[in-house]
Number of protein chains: 2
Amino acid sequence: MSRKKRAGLDTDAVVQEAIQLADELGYDKLTLAALAARLGIKTPSLYNHIQGLDDLRQRMAIHGLEGLYSALLHAVKLDAGNPIQAVAEAYVAFADENPGVYAASLLAPDAQVPRWQELGEQIVQLISNLAEPYSLEPDEVIHWVRGFRSMLHGFASLRQAGGFGMPIALDESLQYMVKTYMRGAQPQR
Amino acid sequence: MSRKKRAGLDTDAVVQEAIQLADELGYDKLTLAALAARLGIKTPSLYNHIQGLDDLRQRMAIHGLEGLYSALLHAVKLDAGNPIQAVAEAYVAFADENPGVYAASLLAPDAQVPRWQELGEQIVQLISNLAEPYSLEPDEVIHWVRGFRSMLHGFASLRQAGGFGMPIALDESLQYMVKTYMRGAQPQR
DNA sequence: AAATACAAACTAACATCATTAGTTTATTTT
DNA sequence: AAAATAAACTAATGATGTTAGTTTGTATTT
């Protein structure tokens, strides 16, 4: 059952180390050479576990979406008071703490990989559920979800890129943004 | 006054061609080799006009911000009816039509380059002006601007990355998002 | 008009990177 | 113990960015 090979390496260990490296160096600075060195093997040996750089990035993307989904789910379960704010904070925190894998998760999903598509749908579903209190039309729910995701990704992305200049009171900015979007979605009386 | 050299090339022509190439191939696929070939010169000759790939990307970023600012300004001047929606549409359209240069414009501004900082501030100022009707406190204006930029960048970025799945009714989604944010920012009566 | 200066092209060379092919070796299975 | 297999290796190739040093065409100066 348990096959042990020379260095105890398998695909998952390689991807895991790649994620860690990408978080440290930045997604675009991740190289197979650096990864191999870190694992104590030569670059070509990586091809025993992954198909190449593109394949590695795909696997990182899937790990990223799994982590993100898990973080969002956890936020919903924990904070029942204001799930929308909780999800927003969890989303941004995840991107902040796992910049490498978050960048990978933005890769255009390959339709050939069902798990990929599936994870995307799960995340959309989770966010859709957040819109329930607003009693929106089905079409509007789609718009609401797209808007919410845009806000969160945009905020996380700009923040990561240093696009906000001085990083002062960013938490308040996130809160304000989400609060404002929520208030705007509320039925007008 | 007018110096003509061998191939009529100058820094600006190189950057211009690089932008065009990046828009065609994608920002990350832009290589000095491809750029040189397109200009009919050898790769090292590029170094007579630019300092290297990083320098080229910086120049592309500045051109991108100039183009973006210009597009937003134009939208404000033209559509006096709903300047916020007009700016949002102009922003997303610019990112859509100039994907390469828009990607470049997201580079973290180098504090050593004044023009860069300056353009960022101009864009922030332009967006700040949009918040005037809401009579917000100074702190709130900052939050409002950050939120608005996050929405627009997130929308443009996710759309570009194919993150929205089926690209159905994206214009309506953008309208909904902006409308909702606007409504939420309105003083409650 | 001839000489000089200079900018912009070139060739040659190097380091790094991803990738493929073929080989060795350690572990597992028979 | 022998055979099979998986995972490491070496060697080699083609791209890429970059630097150094050289040639050459245009512009300026004499």
Side-chain angles (χ1 to χ4, degrees), chain A residues 1-61 63 100-101 103-104 107-108 110 112, chain B residues 1-62 100-101 103-104 107-108 110 112:
Chain A
M1 194 66 103
S2 73
R3 292 184 179 179
K4 287 244 170 171
K5 280 302 136 82
R6 207 163 160 182
L9 269 187
D10 63 353
T11 302
D12 218 65
V14 169
V15 176
Q16 213 59 46
E17 193 68 40
I19 287 174
Q20 206 172 320
L21 242 182
D23 284 342
E24 290 174 20
L25 307 178
Y27 178 68
D28 45 332
K29 296 284 195 341
L30 170 67
T31 91
L32 292 187
L35 177 58
R38 187 108 141 201
L39 292 168
I41 60 178
K42 305 292 180 177
T43 309
S45 303
L46 287 172
Y47 284 76
N48 287 314
H49 305 291
I50 56 172
Q51 303 285 341
L53 188 55
D54 286 347
D55 177 52
L56 175 63
R57 286 177 173 156
Q58 286 198 5
R59 293 175 188 276
M60 289 172 64
H63 274 249
V101 78
L107 270 183
D110 184 343
Q112 307 292 86
Chain B
M1 192 65 103
S2 73
R3 291 185 180 179
K4 288 244 171 171
K5 281 303 137 81
R6 208 163 161 183
L9 269 188
D10 62 354
T11 301
D12 218 65
V14 169
V15 175
Q16 214 60 46
E17 193 69 40
I19 287 174
Q20 207 173 319
L21 243 181
D23 283 343
E24 289 174 20
L25 306 179
Y27 178 68
D28 45 332
K29 295 284 194 343
L30 170 67
T31 95
L32 292 187
L35 177 57
R38 186 107 141 202
L39 292 167
I41 60 178
K42 305 291 180 178
T43 309
S45 303
L46 287 171
Y47 285 75
N48 287 314
H49 305 291
I50 56 171
Q51 303 284 342
L53 188 54
D54 285 348
D55 177 51
L56 175 63
R57 287 178 172 155
Q58 287 197 6
R59 293 175 189 276
M60 288 172 67
I62 292 175
V101 79
L107 269 183
D110 186 341
Q112 307 291 86

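Just so it is clear: chains get the letters A, B, ... in the order the sequence lines come, proteins before strands, and each one is counted from 1.
- The side chain to side chain donor-acceptor pair (under 3.5 Å) search around B:Asp55 returns B:Arg59, not counting sequence neighbours.
- Residues forming a side chain to side chain contact (heavy atoms under 4.5 Å, CB included) with B:Ala37 (at least two apart in sequence, or on another chain): none.
- The distance from atom CG of B:Leu32 to atom C1' of D:dT19 is 14 Å, rounded to the nearest whole Å.
- Partners of A:Asp10 by side chain to side chain contact (heavy atoms under 4.5 Å, CB included), not counting sequence neighbours, listed by chain and number: A:Asp12, A:Ala13.
- Not counting sequence neighbours, the partners of A:Ala22 by the side chain to side chain contact (heavy atoms under 4.5 Å, CB included) test are A:Leu30, A:Met60.
- Within the structure, side chain to side chain donor-acceptor pair (under 3.5 Å) contacts touching residues 39-51 of chain A (residues at least two apart or in different chains) do not occur.
- The nucleotide whose nearest atom lies closest to any side-chain atom of A:Thr31 is, among C:dC17, C:dT19, D:dG17, C:dC17.
- Of the residues in residues 42-60 of chain A, those placing a heavy atom less than 4.0 Å from an atom of DNA chain D are A:Lys42, A:Pro44, A:Ser45, A:Asn48, A:His49, in numerical order.
- Under the 4.5 Å side-chain criterion, counting only non-hydrogen atoms from C-beta, B:Leu32 is in contact with B:Leu56.
- Closest of all the heavy-atom pairs between B:Tyr27 and B:Gly100 is CD1-O, 3.7 Å.
- Residue pairs meeting the salt bridge (charged side-chain N to carboxylate O under 4.0 Å, His left out) criterion with at least one partner in residues 13-31 of chain B, sequence neighbours excluded, are B:Glu17-B:Arg38, B:Glu24-B:Arg38.
- Contact check of residues 18-30 of chain B against DNA chain D (heavy atom, cut-off under 4.0 Å) returns no residues at all.
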